[in-house]
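Just so it is clear: chains get the letters A, B, ... in the order the sequence lines come, proteins before strands, and each one is counted from 1. Basis for what follows: all heavy atoms, side chains included, without hydrogens, waters or symmetry-related copies.
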2 protein chains.
Amino acid sequence: MTTQAEVAALAFAPLPRRESTAEAVAAALRAQISAGRLAPGAQLREEHLAAALQVSRNTVREAFRLLAHERLVEHALHQGVFVRTVSPDDVRAMYATRRLVEPLGVRGLLTAGPSGVVALKGLDECVWAAEQAAGSGDWHSVGTQDIEFHRALVAAAGSVHLTSMLDGLLAELRLAFLRLPDREALHEPFLDRNRRLVDLLEDGDEAACLAELESYLIAAEAQLLQVVGGPDLAD
Amino acid sequence: MTTQAEVAALAFAPLPRRESTAEAVAAALRAQISAGRLAPGAQLREEHLAAALQVSRNTVREAFRLLAHERLVEHALHQGVFVRTVSPDDVRAMYATRRLVEPLGVRGLLTAGPSGVVALKGLDECVWAAEQAAGSGDWHSVGTQDIEFHRALVAAAGSVHLTSMLDGLLAELRLAFLRLPDREALHEPFLDRNRRLVDLLEDGDEAACLAELESYLIAAEAQLLQVVGGPDLAD
DNA sequence: CGGTAGCGGATTGTTGAGCAATCCAACAAG
DNA sequence: CTTGTTGGATTGCTCAACAATCCGCTACCG
């Protein structure tokens with residue numbers, strides 16, 4: 001049994017924080033975008049969406065602000081909002097950031113004591129889930145798990161700011177994934193590399209981890225640049 | 001003379017991008033907040049501000065969304081928006097992040113070639129400006145230059161994502177500064193430390209730089225925690 | 001024919017009023 | 001002292017309208 005004094009002393013999660021209508025609209029759009037049903041570059045018209053979602057135009061605008069801050073859409077004054085298209089420069093910037101930040105996750109994970117073990121287990125589960133998905137040909141899920149893997153890695157660095165920044169960056173990265181016709185060719189090689197990284201982390205060999213990670217990121221960037229750079233030179 | 005073909009080939013800054021009314025309102029509030037005229041914890045009422053700024057309530061709401069994303073204000077559903085109050089845990093999180101990120105700036109600056117020299121010059125100017133401000137007793141400007149110094153340092157890491165993340169973090173940090181009655185005591189010791197850091201960077205002694213930086217951040221965190229932790233235990 | 005100026009439709013930016021939902025503080029009842 | 005209840009205030013959202021701006025089209029002109 002729990003006494004009242006004990007109840008009062010409990011530390012609660014800051015807020016159950018329900019979601020507003022605008023947030024719900026943003027979530028709906030986010031889902032459509034990251035599922036690829038809204039192609040990069042597509043314009044989102046306020047009136048159209050307001051009618052489709054049965055909400056006011058103002059509420060749609062509020063949702064747009066939320067998505068714009070996540071960089072999933074771009075807002076051009078008096079022109080509208082468009083699903084973000086990632087340029088080659090964007091890809092380079094993203095991987096420049098990842099090469100700086102993800103090593104911090106490796107260090108954090110290796111120097112943390114028991115919590116490092118927990119984090120490592122989380123990474124292992126991501127790889128496992130990705131392998132399962134690959135087995136059943138669900139390459140979209142493989143991509144999701146790949147992203148989840150690296151998010152968890154950076155989370156091990158122990159900085160909420162870095163983690164949430166990478167959250168946004170990875171969501172942006174997924175936009176780039178969507179432009180690839182053949183997802184298997186993109187994600188397949190990185191399945192084994194994630195597995196190997198986990199193994200190296202278990203061994204605790206920091207130098208080897210960092211080398212593997214660096215090599216992973218360079219390869220991923222090159223592959224993605226080949227995809228992103230091509231089709232868009234037209235516009 | 002410049003032919004039309006040459007004009008077409010020029011790379012322009014992405015957008016002159018004028019600001020919308022909502023952004024102007026956000027800017028006005030931002031200025032009030034970081035000048036300390038709006039105390040942390042104070043509630044911002046939509047109707048009041050709409051009347052005061054001669055804009056619609058809807059526009060004020062849009063400005064709130066912008067500021068909420070910058071974490072300068074907190075938004076509680078059906079309760080309103082409040083100027084953010086930074087908790088001791090927030091301070092600890094901010095400095096945990098800075099200890100991870102700022103060393104990346106040092107490395108970036110030292111390994112960059114000619115651009116590193118330029119960045120170093122920028123840092124030197126920040127310190128110089130801070131020393132000038134301190135001489136005339138303008139401790140608010142000293143704080144601004146201190147923030148600018150560390151922003152420039154992280155910018156040298158070469159990641160737009162990291163830079164913009166730190167932008168937000170430092171704006172948040174300034175909120176914490178505002179709660180301190182005696183700004184001189186807060187900023188004075190760090191003037192010399194920034195100067196010393198610049199000297200070490202000029203020498204190119206990476207290990208010494210990192211040690212000095214780490215020591216700086218630990219001292220700053222401790223000092224800030226003493227301020228932030230105290231007055232707020234009451235509420 | 002290339003280039004430019006202006007026109008019109010479409011879309012966004014902003015306003016203001018209005019109503020429902022929710023929170024908060026004060027008060028009343030057990 | 002704790003537990004409903006009530007009323008006022010504030011936010012969440014909607015709706016309709018108007019102004020500002022952009023885009024594509026056409027007509028004009030060297």
Side-chain angles (χ1 to χ4, degrees), chain A residues 2-8 12 14-29 38 41-69 72-85 235, chain B residues 1-10 12 14-29 38 41-69 72-84 235:
Chain A
T2 312
T3 71
Q4 298 216 344
E6 282 169 335
V7 168
F12 284 99
L15 281 176
R17 177 105 175 112
R18 295 153 300 172
E19 70 174 357
S20 73
T21 307
E23 280 159 358
V25 170
L29 290 175
L38 287 173
Q43 181 170 12
L44 303 175
R45 264 175 228 114
E46 300 183 348
E47 211 154 2
H48 194 261
L49 285 173
L53 294 172
Q54 305 270 27
V55 297
S56 154
R57 200 158 71 91
N58 261 322
T59 304
V60 173
R61 288 172 63 79
E62 235 177 90
F64 282 169
R65 292 282 189 197
L66 297 177
L67 295 175
H69 197 276
L72 284 182
V73 302
E74 268 177 338
H75 188 119
L77 200 59
H78 281 121
Q79 288 175 248
V81 308
F82 304 82
V83 179
R84 179 103 190 285
T85 69
D235 80 10
Chain B
M1 186 177 158
T2 310
T3 70
Q4 299 219 339
E6 282 169 336
V7 168
L10 277 179
F12 284 99
L15 281 175
R17 177 109 172 105
R18 294 152 303 173
E19 68 177 357
S20 72
T21 309
E23 279 158 0
V25 170
L29 290 175
L38 286 172
Q43 181 170 11
L44 304 176
R45 264 178 225 108
E46 299 182 348
E47 214 152 1
H48 283 180
L49 286 173
L53 295 172
Q54 304 272 28
V55 297
S56 155
R57 198 159 71 92
N58 262 323
T59 303
V60 173
R61 286 172 64 78
E62 234 177 273
F64 282 169
R65 288 284 186 192
L66 297 176
L67 295 174
H69 269 300
L72 285 182
V73 302
E74 266 177 339
H75 188 124
L77 199 59
H78 281 119
Q79 287 174 248
V81 308
F82 304 81
V83 179
R84 176 105 190 285
D235 80 11

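Using a 4.5 Å heavy-atom threshold, the side chains of A:L67 and A:V81 count as separate.
The backbone N or O of B:Q79 lies less than 3.5 Å from a partner atom in the side chain of B:Q43, making a donor-acceptor pair.
Nearest nucleotide to the A:V55 side chain, out of C:dG13, C:dA21, D:dT14: D:dT14.
B:T59 has a side-chain polar atom (N or O) that falls below the 4.0 Å cut-off from OP1 or OP2 of C:dT15. Under 4.0 angstrom from either OP1 or OP2 of D:dC15 there lies no side-chain N or O belonging to A:S56. In terms of phosphate contacts, A:H75 brings a side-chain nitrogen or oxygen within less than 4.0 Å of OP1 or OP2 of C:dG13. Note on A:Q79: every side-chain N or O is 4.0 Å or more away from OP1 and OP2 of D:dT21.
Taking atom CD of A:E62 as the reference point, atom P of C:dG13 lies 14 Å away to the nearest angstrom. Distance A:Q54 CD to D:dG12 P: 22 Å, rounded to the nearest Å. Between the NE2 atom of A:H78 and the P atom of D:dG24 there is a distance of 17 Å, rounded to whole Å. Per the geometry, CZ belonging to A:R61 stands 11 Å off P belonging to C:dT15, to the nearest Å. Nucleotide D:dT21 holds its P atom 14 Å from the CD atom of B:E19, rounded to whole Å. Distance CD (A:Q43) to C1' (C:dT12): 10 Å, rounded to an integer number of Å. Distance NE2 (B:H48) to C1' (D:dT10): 10 Å, rounded to an integer number of Å. Distance, A:E46 CD to D:dA16 C1': 15 Å, rounded to whole Å.
Of all heavy-atom pairs between B:A63 and B:A22, the closest is CB-O, 3.5 Å.
Comparing B:N58 and B:E47 by the nucleotide of DNA chain D that holds the closest heavy atom to each, the one mapping nearer the 5' end is B:E47.
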Given the rule in the side-chain contact (heavy atoms from CB on, under 4.5 Å) test, do A:L29 and A:V73 qualify, once you have shown the distances and angles that lead to the verdict? CA-CA 10 Å; A:L29 290 175; A:V73 302; over 6 Å; no
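Within 4.0 Å (heavy atoms only), A:R45 reaches sugar-phosphate atoms of the nucleic acid but no base atom.
The CG atom of A:L72 lies 11.0 Å from the CG atom of A:L66; values are rounded to the nearest 0.5 Å.
Judged by atom type and distance alone, A:R57 reaches the base of C:dT14 through a side-chain donor-acceptor pair under 3.5 Å.
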